[in-house]
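Shown next, in C-alpha cells, is the structure this report addresses.
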Amino acid sequence: MSEPYYITTAISYPNGRPHIGHAYEAIAADAIARFHRMAGRDVRFQTGTDEHGLKMAQTARDRGITARALCDEMSSYFKVMCDTLHISYDRFIRTTDDDHKIACQALWKGMVARGDIYLGRYEGWYSVRDEAFYDEKELTKGEGEQRLSPQGTPVEWTVEESWFFRLSAYQDKLLELYRSHPEFIQPESRRNEVIRFVEGGLSDLSVSRTSFDWGIAVPDSPGHVMYVWVDALTNYLTGIGYPALDGTLGRFWPADVHVIGKDIVRFHAVYWPAFLMSADVPLPKQVFGHGFLLHKGEKMSKSVGNVVDPIELASVFGVDQLRYFLLREVSFGQDGSYSEDAIVTRCNADLANNLGNLAQRSLSMIAKNCGGKVPQPHDASAADTALLAGIAAVEQVARQHMMGGQYAIHHALQAIWEQMSLTNQYFAEQQPWAVRKTDPARADTILYYTAEAIRQLAILARWVMPVSCDKLLDILAQSPDARDFAALGQQLEPGIDLPPPAPIFPRLELAADAKAD
RNA sequence: GGGCCUGUAGCUCAAUGGUUAGAGCAGGCCGCUCAUAACGGCUUGGUUGGGGGUUCGAGUCCCUCCGGGCCUACCA
C-alpha cells in the first residue's frame, strides 16, 4: 500500500454562511490533497464544521429550534459549498458526530491521566443576558460604575468553576519542538510569532465551561462541557479513528499538514501539540497558516458589504476558474487580493488564451486534417524533443514546490504555465498549417507532439482544475486511469479516435455592474 | 511599549552580497491566419518608499525615518 498522507482544513464555525475565505482554504487544501493523490500517495483529506458552543445554542434558541437542527442546517451550507467547489474530502466531519464525542473524551482522559487537568476557577466579566464572558477591553462604561458588554447589557465580575489544562508546563517542550522541527510551523513569519508568544510565558488554559451545555460533556464532571479548543482540535483525531490509532485509519496519524488560517495558528501550534504531548499522541508534522483574502486590498467585512458568496462567484466565472485564480494569483501563505476584474484578466490570459486556445487550435486541425485520429508521428526534430523535455522537467519542479513542505502552489502553477507558453511558441514556430501544404508527414508530427504536450499539461494542471482537465483528457480519448502523474510517461497512442474538440475555457467577461466600481 | 512581516514597472510578483534589477498581465508596433479578436516577435515602462552607513560591489547587510499589515504586552 502506498505511503499515507493526511491533510486537514480547519473546521468552520457555521454561525453564518460560508464566505470566500472558507472557500479559499478548502480549495487550497483540496489542491494539495489532489496533487499528492496524483503523485501516488494514499491521501486522506478532512474538512468539516465546528458546531458546539454558546453562539450556536443562542441562535437556535432565538430561532426557536433545537441546536441540533440549527447545526444540521448551517453545516449543510458548508458541505454544499465544498461539493460545489469539488472539494475531494474523504470525510466531512461534524463535531456533533457520535464518534467525535468518544475521541474528545478519550483525549481528555489522556490529559487527566498525565495529571495536566485540574479544577480551578474562571473569572471574568460576565453578562447574564448574553450568557457570555467579555474581556475588559470590550466593555464600555454605562450609568455610574456599571460596565456594559458590546451588546449594551450589564456585566458583573463572575467566578465560574472550570477545568484547566496545565499549558504552563509545556513551554520548554514546545520551544524544543519549534527548534528541532522548524518545518512544524509555516510560513516562517508565523513561526517567529509563535516562538515569541511561547517565550513570553504560557498561562494555564481554561478548557471547560458550565455556563452552557451545548458541547461535549467532560468525563465524570456533571455540568461541565469542553470549551472550544479541546473539542474543535480533536476533530483531526476523530477522523482517523482515535482512540483506536491501530485501526485501519490510524496509519494516517500523525497528520502531514493542518491547513489553517493565520488567525488560528496559535491554537494549532501551541495548544494542540501541548494537548497531544499530554495525552501521549504523536504530533502532526506541520501546521500551515495561510493568509487572508482581501477584496481589492481591503479587508472583507459584513459592514463594508464586500463579503462575497463563493458559490455565486463560481457560478459566474466557473468552479475551475475560481480555483485556478485563487491558487495562481495568491502567494500561498501570504495575504492575497482578489477582484472580479482580476479573475477575468487572469482566467482569460492563462486559461482561455493560453491553454484553451492552444488545445482548440491544434485539436481542430487534427479533426480536420487527420481524420479525427491521433496523427502518426515521424522522425522527431530537435524542437519536438525539446518540447517534451521541458514538460518532463516541470513535473519535478512542481513536485519540489508541492511536496517539499512549503506548498508553493503559485510557483508550481507558474512553472506549469510557462510550459504552456512554450508550447504555444512551438506551435507558432512550426506552423503546421503552412507545413501541411508541402510536407503532410511533418505536419502530422507537429500535431502529434502538440497533442502529446497538451495531454501532459492537462495532467499537470488537473489537481487545480479537475473537471476542466478531465474534459481536455476526454477530448484526447484518455482513459480515466491514465490521468495521474504516473501516466505522464505513457505517450499518446497514434491512430486512436478522438471525439470532436470543443472549447473548454470560455473567455470571461466582466459583468456591467462590476465594471462600474 | 516589545516583536514579526512588508514596500521593486500601471497591476501581480522574481532576483545564494556579484555583469546592464527580471517575468507575466496591461499598453504600443509588427507578423500570422490553424485557433476562443486568440497565437508569435519586437517594444515602452524603474531614483528598488526616503535618507545615511558597511563593502571593491547593496534590491539584498546595518542604522534611521515614512507608509501598509499583523502578533503581543501594558496603562487606563
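Order of the sequence lines sets the chain letters (A, B, ...), proteins ahead of strands, with each chain counted from 1.
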Please measure how far the C1' atom in B:rA76 lies from the corresponding atom in B:rC5, and state the result in whole Å.
-> 30 Å
How do A:D263 and A:A428 order along RNA chain B: which one's closest nucleotide is nearer the 5' end?
-> A:A428
side-chain N/O A:R507 vs B:rA37 OP1/OP2, d < 4.0 Å | no
Roughly how far apart, to the nearest Å, are B:rG10 and B:rU20 at atom C1'?
-> 24 Å
Within the structure shown, what part of the strands sits under 4.0 Å from A:I504 by heavy-atom distance: base, sugar-phosphate, or nothing?
-> base
Using both pair distances under 3.5 Å as the test, note the stems of at least 3 consecutive Watson-Crick or G-U pairs that include RNA chain B.
-> B:1-7 with B:66-72, B:10-13 with B:22-25, B:27-31 with B:39-43, B:49-53 with B:61-65
Take atom NE2 of A:H411 and atom C1' of B:rA15, then tell me their distance rounded to the nearest Å.
-> 11 Å
Take the protein atom CG of A:N424 and the nucleotide atom P of B:rU36, then report the distance between them rounded to whole Å.
-> 14 Å
Cation over ring face, A:R346 and A:F325, 6.0 Å, 45° = no
Indicate, with a heavy-atom threshold strictly under 4.0 Å, whether A:R436 touches base, sugar-phosphate, or nothing.
-> nothing
Check the surroundings of atom CG in A:D497: do more than 12 heavy atoms from other residues, nucleotides or ligands lie under 6.0 Å from it?
-> yes
Out of B:rC13, B:rC70, B:rG3, which nucleotide sits closest to the side chain of A:S331?
-> B:rC13
Would you check if there is a donor-acceptor pair between the side chains of A:R166 and A:S278 at a distance under 3.5 Å?
-> no
Rounding to a whole Å, what distance do you find between A:Q430:CD and B:rG40:P?
-> 14 Å
A:L294 CG to B:rC5 P, in whole Å, measures 19 Å
Distance between the P atoms of B:rA15 and B:rC61, in whole angstroms?
-> 12 Å
Say you pick atom C1' in B:rU44 and the same atom in B:rG17; how far apart are they, in whole Å?
-> 31 Å
With a 3.5 Å cut-off and no angle check, do the side chains of A:T47 and A:T9 form a donor-acceptor pair?
-> yes
Please say whether more than 12 non-hydrogen atoms of neighbouring residues, nucleotides or ligands are located less than 6.0 Å from CZ in A:R121.
-> no
Side-chain polar contacts of residues 174-182 of chain A - donor-acceptor pairs under 3.5 angstrom, sequence neighbours left out - could you list them?
from   : atom 1 : to     : atom 2 : distance (Å)
A:E176 : OE1    : A:R179 : NE     : 3.3
A:E176 : OE1    : A:R179 : NH2    : 3.1
A:Y178 : OH     : A:A269 : O      : 2.5
A:S180 : OG     : A:E176 : O      : 2.9
A:S180 : OG     : A:L177 : O      : 3.4
A:H181 : ND1    : A:E183 : OE2    : 3.0

Check the distance between B:rG2's P and A:E193's CD and give it to me in whole angstrom.
-> 17 Å
Between A:F332 and A:F288, what is the ring plane arrangement, given parallel below 30°, perpendicular above 60°, and tilted in between?
-> parallel
Identified ring pair (Phe, Tyr, Trp, His ring centres under 6.0 Å) counterpart of A:F267 within the set A:W229, A:W272, A:Y236 | A:W229
Mark up nucleotides 21-34 of chain B, 5' to 3', with B wherever a protein heavy atom is under 4.0 angstrom from a base atom, S wherever such an atom reaches only the sugar-phosphate, and - elsewhere.
-> ----S------SSB
Gap between atoms CG and P, on A:L355 and B:rC39 respectively (whole Å) | 12 Å
Donor-acceptor contact below 3.5 Å, side chain A:D204 vs main chain A:S168 = yes
Could you give the distance separating B:rC11 and B:rG49 at their P atoms, to the nearest angstrom?
-> 13 Å
Using the C1' atom on both, measure B:rU47 against B:rG7 and round to a whole Å.
-> 15 Å
Nearest-angstrom distance, C1' atom, B:rU60 to B:rC42 | 32 Å
Measure the shortest side-chain to side-chain distance between A:M277 and A:L283 over non-hydrogen atoms and say whether it is less than 4.5 angstrom.
-> yes
Figure out the NZ/P separation between A:K262 and B:rU6, and round it to whole Å.
-> 13 Å
Rounded distance (Å) that lies between atom P of B:rC13 and atom NE2 of A:H410 | 9 Å
Describe the nucleic acid contact of A:G356 in one word from base, sugar-phosphate, nothing, applying a heavy-atom distance below 4.0 Å.
-> base
Taking atom NZ of A:K285 as the centre, does the number of heavy atoms from other residues, nucleotides or ligands within less than 6.0 Å exceed 12?
-> yes
P atom, B:rU16 versus B:rU6: distance in rounded Å?
-> 14 Å
